[in-house]
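Heads up, the thing below is written out as structure tokens.
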Amino acid sequence: MRQLPISFRFAFLLSVCLAVTSSLTFGWLDGRWVSQPDMAATGNKLQELPDQLGDWRLVETQSLDANAARMLRCYGHTVRIYTNAQSGNRLTVAVLFGPRGPIAVHTPEICYSGQGVQQQGERERVEVSSGGLTHGLWKTNFLSKVDLQPELEVYYAWSDGGPWQAADQPRYWLTDRLYKIQLAGPPTTEGQPSESLQFLELFLEQLQPQLVPATSDSNLSSR
């Protein structure tokens with residue numbers, strides 16, 4: 001039997017090694033081989049948030065429905081509804097903690113697409129200064145499909161335990177776990193300050209101490 005050339009065998013072995021290395025790397029990044037009890041303990045810290053933030057009072061806590069929890073594979077999460085004592089407006093804020101892959105890909109543009117609203121224009125980056133840190137978030141507005149009137153103002157971002165970032169491609173963030181924040185509230189009246197941003201200034205200051213920084217290199221491939 002004719003023996004394969006050494007160059008061919010070397011190329012074959014190299015391709016196998018690269019495939020295995022790639023599989024192991026992405027398996028780690030997507031949380032398939034991390035300590036679940038440790039991640040659950042870290043996720044439980046998201047429950048340690050105050051019920052009162054300035055004029056905002058917690059009125060309800062919720063859990064992810066079974067399908068969402070299974071899809072996102074969360075190690076921990078909190079979904080909280082606050083009401084403003086002055087305006088009466090309600091905000092829903094969700095903080096999720098889980099494997100990088102599932103947490104990165106589910107954005108409001110996808111989540112709200114089947115809920116009677118449509119996106120208005122392109123998302124835009126905004127900044128919030130809170131607790132001595134500057135955070136970047138995506139902002140996107142949604143219109144009612146019935147009358148095309150403003151319906152929702154949504155903010156979202158990701159973090160590896162540091163400042164929140166409006167990342168272009170969080171799917172390629174080199175960390176085995178990610179946090180995601182998503183806030184939905186009423187649209188801001190033109191010329192008026194955003195209640196959502198005012199809430200985020202208070203909320204992020206309380207949230208940040210509950211985040212556990214990842215130990216891996218978490219530079220984004222694109223910002």
Side-chain angles (χ1 to χ4, degrees), residues 45-65 68 76-97 103 106-159 162-167 170 178-211:
K45 292 177 68 65
L46 296 178
Q47 305 304 319
E48 301 172 16
L49 293 167
D51 295 346
Q52 190 79 33
L53 293 164
D55 290 332
W56 296 92
R57 180 173 61 86
L58 179 70
V59 294
E60 185 180 349
T61 58
Q62 300 178 344
S63 295
L64 293 175
D65 66 60
H77 71 274
T78 185
V79 181
R80 305 163 72 88
I81 300 175
Y82 288 85
T83 297
N84 188 286
Q86 301 299 318
S87 67
N89 285 332
R90 292 163 64 96
L91 299 175
T92 300
V93 58
V95 185
L96 311 176
F97 173 65
I103 295 297
H106 295 282
T107 64
E109 292 88 340
I110 297 172
C111 298
Y112 286 106
S113 61
Q115 299 187 26
V117 294
Q118 65 184 47
Q119 186 176 359
Q120 179 186 23
E122 296 295 322
R123 65 184 183 177
E124 60 176 301
R125 280 188 173 94
V126 298
E127 289 189 347
V128 175
S129 295
S130 176
L133 297 174
T134 299
H135 305 279
L137 298 99
W138 288 116
K139 175 192 174 186
T140 185
N141 294 316
F142 291 89
L143 303 174
S144 167
K145 289 183 178 179
V146 177
D147 56 13
L148 298 182
Q149 293 301 305
E151 184 81 10
L152 282 175
E153 183 174 284
V154 179
Y155 296 82
Y156 63 101
W158 293 269
S159 169
W164 295 89
Q165 299 184 38
L178 276 180
Y179 293 92
K180 179 189 175 187
I181 188 169
Q182 182 169 306
L183 181 145
T188 299
T189 303
E190 187 174 354
Q192 297 297 314
S194 168
E195 281 193 335
S196 295
L197 288 178
Q198 293 173 343
F199 173 83
L200 281 169
E201 290 177 10
L202 300 171
F203 186 75
L204 293 180
E205 184 173 4
Q206 299 299 318
L207 174 62
Q208 210 64 26
Q210 312 310 325
L211 307 186

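Keep in mind that what you see is a predicted model, and the values were worked out from it rather than measured. Excluded from the calculations below are hydrogen atoms, water molecules and symmetry mates; all remaining heavy atoms, backbone and side chain alike, are included.
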Measure from the side-chain N and O atoms of Thr78 to the backbone N and O of Val95, and report whether any donor-acceptor pair falls under 3.5 Å. no
In Å, rounded to the nearest 0.5 Å, how long is the span from CD of Glu127 to NE2 of His135? 10.5 Å
Can you tell me how far CG of Leu204 sits from OG1 of Thr134, rounded to the nearest 0.5 angstrom? 11.0 Å
Looking at His77, is its backbone amide N or carbonyl O close enough to the side chain of Gln47 to form a donor-acceptor pair, meaning the two atoms are under 3.5 Å apart? yes
Nearest-0.5 Å distance that lies between atom CD in Gln52 and atom OH in Tyr82: 9.0 Å
Can you confirm whether Leu49 sits close enough to Leu58 that some side-chain heavy atom of one is under 4.5 Å from a side-chain heavy atom of the other? no
Do Lys139 and Asn141 touch side chain to side chain, with heavy atoms closer than 4.5 Å? yes
Looking at OG of Ser87 and CH2 of Trp56, how far apart are the two atoms once the value is rounded to the nearest 0.5 Å? 5.0 Å
Taking side chain as C-beta onward, heavy atoms only, is Leu207 less than 4.5 Å from Trp164? yes
Given the rule in the side chain to side chain donor-acceptor pair (under 3.5 Å) test, do Thr188 and Glu153 qualify, once you have shown the distances and angles that lead to the verdict? CA-CA 7 Å; Thr188 299; Glu153 183 174 284; 2.8 Å; yes
Donor-acceptor pair, distance only, cut-off 3.5 Å: does the side chain of Gln208 make one with the backbone of Gly162? yes
The reported gap from CG in Leu53 to CD in Glu205 (rounded to nearest 0.5 angstrom) is 9.5 Å
Is there side-chain contact between Tyr155 and Leu91, with heavy atoms separated by less than 4.5 Å? no
One should read off an interatomic distance between Gln120 CD and Leu152 CG, to the nearest 0.5 angstrom, of 11.5 Å
What I'd like to find out is whether the side chain of Trp138 reaches to under 4.5 Å of the side chain of Arg125, using heavy atoms alone. yes
Using modelled atom types and a 3.5 Å cut-off, is there a donor and acceptor pairing between side-chain atoms of Thr189 and backbone atoms of Gln192? no
Using a cut-off of 6.0 Å, state whether more than 12 heavy atoms not belonging to Arg123 lie near its atom CZ. yes
Measure from the side-chain N and O atoms of Gln119 to the backbone N and O of Gly121, and report whether any donor-acceptor pair falls under 3.5 Å. yes
Any side-chain heavy-atom pair from Leu183 and Leu137 closer than 4.5 angstrom? no
Between Thr107 and Thr140, is any pair of side-chain heavy atoms under 4.5 Å apart? no
Do Leu211 and Leu46 have side chains that approach each other closer than 4.5 Å (heavy atoms only, starting at C-beta)? yes
Would you call the rings of Phe199 and Phe203 parallel, tilted or perpendicular, taking 30° and 60° as the class edges? parallel
